[in-house]
**Q** 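Structure in structure tokens, see below.
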Amino acid sequence: VVRDYRHARRALGVVPQELVYDPFFNVWETLHIQSGYFGLKRNDDWIDEIMHHLDLTRHAHKNTQALSGGMKRRLLVAQALVHKPPVIVLDEPTAGVDVDLRRSLWAFVSRLNREGHTILLTTHYLEEAEALCGRVAMLKAGRIVALDATRNLLKLTNEHCAQLRLENPPPPAVLARLQPGADGDWRFSFGDYAELETLLADLRAANSRVREMHLLEPDLEDVFTDIMQRT
């Protein structure tokens with residue numbers, strides 16, 4: 001980054017968390033100017049492809065000031081990709097955006113990743129990290145407290161959860177082992193399925209019939225909560 005700073009900058013595309021844009025140009029002009037920063041003169045086909053995948057084509061000649069917040073976010077992503085960098089840094093790219101943008105953005109980013117681009121993502125949406133990231137780092141007070149492949153992190157907790165809907169209230173002895181859930185449901189956390197079998201037997205003996213049951217596997221949010229409490 002010091003001796004060959006031009007090459008280092010070409011290798012990196014950054015999408016900042018803040019909405020930073022030039023109010024004097026339209027979308028098409030902004031992307032062509034961005035290409036010029038990297039010495040790219042014949043980049044129209046790639047710019048057209050980026051705008052298509054980010055649903056910016058119909059806004060190509062609209063001034064950036066007239067774009068909605070979600071469209072400005074798409075433009076930031078397009079600017080970061082205009083020179084086809086091998087490494088892309090996304091800092092909270094879906095913060096405050098609509099569902100459609102989130103889905104289209106992640107479909108495009110996933111495609112770039114499959115084509116060989118390295119994506120470094122900062123996010124508070126743990127379900128997003130679990131679905132998209134092959135490797136996850138967790139930070140607490142600016143310090144990395146966990147860093148591993150996503151599948152390995154998910155193995156750190158063996159706690160499962162059963163969501164139960166009961167026909168009759170459970171007796172106090174059983175109730176003490178349950179946590180109240182939403183809409184009158186009950187939750188039972190367990191590490192071994194034998195514990196769940198025992199609970200179901202106790203409910204049958206107490207004539208507290210199970211109307212519905214869903215088994216919830218541990219996710220990255222469970223792992224995150226556990227790690228943050230232990231560190």
Side-chain angles (χ1 to χ4, degrees), residues 8-38 40 43-142 150 182 219-221 224-225 228:
R9 291 176 184 180
R10 286 194 194 100
L12 195 65
V14 180
V15 181
Q17 183 177 355
E18 295 79 13
L19 292 175
V20 182
Y21 61 93
D22 195 319
F24 300 104
F25 302 103
N26 62 34
V27 170
W28 188 89
E29 291 168 337
T30 297
L31 296 179
H32 275 263
I33 291 170
Q34 186 76 9
S35 295
Y37 291 152
F38 295 94
L40 303 174
N43 203 28
D44 289 9
D45 289 345
W46 176 238
I47 288 175
D48 288 343
E49 185 174 346
I50 292 173
M51 289 197 300
H52 168 71
H53 285 292
L54 294 173
D55 196 25
L56 286 167
T57 303
R58 58 197 170 99
H59 302 284
H61 300 291
K62 186 179 291 187
N63 187 278
T64 53
Q65 276 188 310
L67 298 175
S68 66
M71 286 299 164
K72 288 172 182 172
R73 180 77 62 187
R74 294 173 195 236
L75 180 57
L76 289 180
V77 175
Q79 282 184 269
L81 300 177
V82 79
H83 59 293
K84 294 184 179 179
V87 179
I88 303 167
V89 179
L90 304 176
D91 186 4
E92 299 276 358
T94 58
V97 303
D98 58 77
V99 174
D100 286 340
L101 170 57
R102 186 172 296 177
R103 288 177 177 172
S104 62
L105 175 59
W106 289 134
F108 189 39
V109 168
S110 295
R111 175 196 151 190
L112 291 172
N113 187 233
R114 289 193 300 271
E115 291 176 353
H117 295 265
T118 297
I119 313 293
L120 179 61
L121 165 69
T122 302
T123 181
H124 284 93
Y125 300 114
L126 292 174
E127 71 279 6
E128 202 166 65
E130 184 175 344
L132 294 168
C133 299
R135 188 170 172 83
V136 171
M138 296 181 180
L139 284 79
K140 183 175 183 179
T150 307
D219 57 20
L220 204 57
E221 185 171 340
F224 179 83
T225 301
M228 293 301 139

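Owing to the predicted nature of the structure, the values given are computational and were not obtained by experimental measurement. Quick note: residue numbers are just sequence positions, from 1.
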**Q** List for me each residue that meets side-chain hydrogen bond (donor to acceptor under 3.5 Å, both in side chains) alongside N43, sequence neighbours excluded, and say none if there are none.
**A**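 By the side-chain hydrogen bond (donor to acceptor under 3.5 Å, both in side chains) rule, N43 matches S35.
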**Q** Within this structure, what is the CD-CG distance for the pair E128 and L220, rounded to the nearest 0.5 Å?
**A**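 So the gap between those two atoms works out to 12.0 Å.
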**Q** Find the distance between OG1 (T122) and CG (L90) and round it off to the nearest 0.5 Å.
**A**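 Output value for this atom pair is 8.5 Å.
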**Q** Can you tell me how far CG of L81 sits from CD1 of I88, rounded to the nearest 0.5 angstrom?
**A**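 Taking CD1 in I88 and CG in L81, the distance rounds to 4.5 Å.
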**Q** Output side-chain donor-acceptor pairs under 3.5 Å for residues 9-24, partner residues at least two apart or in another chain, one line each.
**A**
{"residue": "Y21", "atom": "OH", "partner": "K72", "partner atom": "NZ", "Å": "3.2"}
{"residue": "D22", "atom": "OD1", "partner": "F24", "partner atom": "N", "Å": "3.0"}

**Q** Return the set of residues passing ring-ring contact (aromatic ring centres under 6.0 Å, His included) with F108 (not counting sequence neighbours), or none when no residue passes.
**A**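 Per chain and number, F108 pairs via ring-ring contact (aromatic ring centres under 6.0 Å, His included) with H53.
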**Q** Passes side chain to side chain contact (heavy atoms under 4.5 Å, CB included), F25 versus H32? Steps please.
**A** CA-CA 10 Å; F25 302 103; H32 275 263; over 6 Å; no
**Q** Can you check whether K62 reaches L67 side chain to side chain, under 4.5 Å on heavy atoms?
**A**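 Heavy-atom side-chain distance check passes, below 4.5 Å.
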**Q** Using a 4.5 Å cut-off on heavy atoms from C-beta on, say whether the side chain of D48 contacts that of T57.
**A**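 No, their side chains stay 4.5 Å or more apart.
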**Q** Out of curiosity, H124 NE2 to F224 CZ, how far, rounded to the nearest 0.5 Å?
**A**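 H124 atom NE2 to F224 atom CZ measures 7.5 Å (nearest 0.5 Å).
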**Q** Minimum heavy-atom separation for V27 and T64, please, with both atom names.
**A**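 Closest pair (atom of V27, atom of T64, distance): N-CG2, 4.4 Å.
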**Q** With sequence neighbours excluded, tell me which residues meet ring-ring contact (aromatic ring centres under 6.0 Å, His included) with Y37.
**A**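 If we apply the ring-ring contact (aromatic ring centres under 6.0 Å, His included) test to Y37, skipping adjacent residues, there are no hits.
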**Q** What distance separates T123 OG1 from D91 CG, expressed to the nearest 0.5 Å?
**A**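 Going from the OG1 atom of T123 to the CG atom of D91 covers 10.0 Å.
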**Q** Would you say that E127 contacts D219 through its side chain, given a criterion of any heavy-atom pair below 4.5 Å between the two side chains?
**A**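 Counting from C-beta outward, E127 and D219 never come under 4.5 Å.
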**Q** Do the non-hydrogen side-chain atoms of L75 and L31 ever get within less than 4.5 Å of each other?
**A**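 Yes; the side chains approach each other to less than 4.5 Å.
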**Q** Using a 4.5 Å cut-off on heavy atoms from C-beta on, say whether the side chain of R58 contacts that of M71.
**A**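 In short, these two side chains touch, coming nearer than 4.5 Å.
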**Q** So, taking the atom named CG in D45 and the one named CD1 in I50, what distance separates them when rounded to the nearest 0.5 Å?
**A**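 Separation between the atoms: 11.5 Å.
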**Q** Is any side-chain heavy atom of L54 less than 4.5 Å from a side-chain heavy atom of V77?
**A**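 Heavy-atom side-chain distance check passes, below 4.5 Å.
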**Q** Do W106 and L121 come within less than 4.5 Å of each other through their side chains, counting heavy atoms only?
**A**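 Touching, per the 4.5 Å side-chain cut-off.
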**Q** Could you pull out all residues at least two apart from H117 that satisfy ring-ring contact (aromatic ring centres under 6.0 Å, His included)?
**A**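 ring-ring contact (aromatic ring centres under 6.0 Å, His included) list for H117, sorted by chain: empty.
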**Q** Which atoms form the tightest heavy-atom contact between A129 and V136, and what is the distance?
**A**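 Closest heavy-atom pair between A129 and V136: O-CG2, 4.5 Å.
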**Q** Evaluate the side-chain proximity of Q79 to L76: yes if any heavy-atom separation is below 4.5 Å, no if none is.
**A**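 They are in contact (side-chain heavy atoms under 4.5 Å apart), so the answer is yes.
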**Q** Closest heavy-atom contact between S110 and L132?
**A**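 That closest heavy-atom pairing would be OG-CD2, 3.4 Å.
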**Q** Could I get the full list of ring-ring contact (aromatic ring centres under 6.0 Å, His included) partners for H59, not counting sequence neighbours?
**A**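 ring-ring contact (aromatic ring centres under 6.0 Å, His included) list for H59, sorted by chain: empty.
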**Q** Look at atom CZ of R103 and say whether more than 12 heavy atoms of other residues, nucleotides or ligands are closer to it than 6.0 Å.
**A**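 Atom CZ in R103 is not packed in, count stays at 12 or less.
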